[in-house]
Number of protein chains: 2
Amino acid sequence: MTGDDEFAIAPDWVDGETKALEAPHDHRAELRLWLRLLTCSTLVESEVRRRLREEFDSTLPRFDLMAQLERAPDGMVLGEVSKRMMVSPGNITVLVERLTESGHLSRTTLPTDRRVQIIALTPFGRAEFEKMAARHADWISDLFAGLEPVDGGVLMDELAKLKRSVIASLAKGG
Amino acid sequence: MTGDDEFAIAPDWVDGETKALEAPHDHRAELRLWLRLLTCSTLVESEVRRRLREEFDSTLPRFDLMAQLERAPDGMVLGEVSKRMMVSPGNITVLVERLTESGHLSRTTLPTDRRVQIIALTPFGRAEFEKMAARHADWISDLFAGLEPVDGGVLMDELAKLKRSVIASLAKGG
DNA sequence: CAAAACAATTTTAAGCTTGAAATTTCTCTG
DNA sequence: CAGAGAAATTTCAAGCTTAAAATTGTTTTG
């Protein structure tokens, strides 16, 4: 890609000449921050997708779904998975279908409420996931390796503030 | 992906020396940071998608494509757009098809090289985009409003460091 | 108890995305 | 100048994603 210009890599419809603090109704600083955030997560995410496909012939959604189930040894209700992954219920349906076909997941109907589907990792699925999770952790570690520990800590804190801001705005406005 | 419930747990990051004493293959701090970053950008991105659909019956990919063209009054070659948006060429083909049908884009074949397609915003497309861009800036501003300016600045700097780390790792390993 | 209301999930229709294969059009080499 | 090779784009097959409608099952209410 095109090197060191901040906006050469991601969607970059913002004017690069912006200063950090400007007139009250100028939103350029926030836009630039958002673009930089998006660039970072897009870079990491595409690389993770690429490697999941290359090394495991799998996808990020499947990995994420299995990751949710890994921490629920007794399985989890479909709706709960959907909420935790922040994706639509219909989306989960499709993913579960494929992962069940391939033997990674088991699915049961709750006897006391037959609307409810409970899914869980099979032993095979768990073994596969553990391989993937180990590699995934290595990838992230490599990608983040140039960041000093202190910077990691600062980022964690600042992102926590951002997350609170976003959630507050969502709760208020929409 | 990822509900990011790690707010409950105390950051084990902050102390670099402590971290150095941990097991060599413990990547939890990086993973937690990555998940938090991903949560933030997913939250913002889904909200932007939702509002583009509700207010303009449009999508984020279309918006991004028009944003690229907004700064290129004389139009842009398809391949260039593809690179800048970091998406596959085939993807651009589909987007351009639809946006041309709807009158937002014009497309010309370069006379001197008939392989090359040049696309540009039509006056209508430009007017539409400007409306969308203004609203988009408002949304981002609202979502980020709870962040103090100083935090925004720190975040910009730390994300720049992260981006450098990711790009360096991609250049080296990938 | 039957009907309405509610809940969990699936289906549907539409659009996005990708990698790989195919196509079209140049460009370069012998 | 022909044919090889490269470049720009499109096509294709497969999978992801969503909102909205439909389905199935449970609970509440008249």
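Only a predicted model underlies this, so the values are computations on that prediction, with no experimental measurement involved. Excluded from the calculations below are hydrogen atoms, water molecules and symmetry mates; all remaining heavy atoms, backbone and side chain alike, are included. First the proteins, then the strands, lettered A, B, ... as listed; each starts at 1.
Among the nucleotides D:dT18, C:dT10, C:dG19, the one closest to any side-chain atom of A:R107 is C:dT10. Each of C:dG15, C:dT17, D:dT10 was ranked by its minimum atom distance to the side chain of B:Q117; first place goes to D:dT10. The side chain of A:R62 has D:dG15 as its nearest neighbour among D:dG15, C:dT11, D:dT10. Of the candidate nucleotides D:dT10, C:dC16, C:dG19, C:dG19 has the atom lying nearest to any side-chain atom of A:R53.
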Protein-to-nucleotide contact annotation, 5' to 3' order, nucleotides 22-27 of chain C [B base; S sugar-phosphate only; - none; under 4.0 Å, heavy atom]: ---BS-

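As judged by a 4.0 angstrom heavy-atom cut-off over every strand, B:G90 is placed among the base-contacting residues. Counting non-hydrogen atoms under 4.0 angstrom, A:P61 reaches the backbone sugars and phosphates but no base. Note on B:E54: nothing from the nucleic acid sits closer than 4.0 angstrom, heavy atoms only. Note on A:R98: only backbone sugar-phosphate atoms sit closer than 4.0 angstrom, heavy atoms only; bases stay farther off. Among the atoms of the strands shown, only primed sugar atoms or phosphate atoms (P, OP1, OP2) are found under 4.0 Å from some heavy atom of A:T59.
Ion pairing between a basic and an acidic side chain is recognised when a charged N comes within 4.0 Å of a carboxylate O; B:E128 and B:K131 show such pairing.
A donor-acceptor pair is defined here as one N or O able to donate and one able to accept, closer than 3.5 Å; such a pair exists between the side chain of B:T100 and the backbone of B:V96. Listed for the A:T39 side chain is a donor-acceptor partner under 3.5 Å among the backbone atoms of A:L35.
Note on B:R50: every side-chain N or O is 4.0 Å or more away from OP1 and OP2 of D:dA19. Side-chain N/O atoms of A:N91 include none lying less than 4.0 angstrom from OP1 or OP2 on D:dC16.
For the side-chain contact (heavy atoms from CB on, under 4.5 Å) test, residues two or more places apart in sequence or in another chain that qualify with B:R49 are B:E45, B:L60, B:P61.
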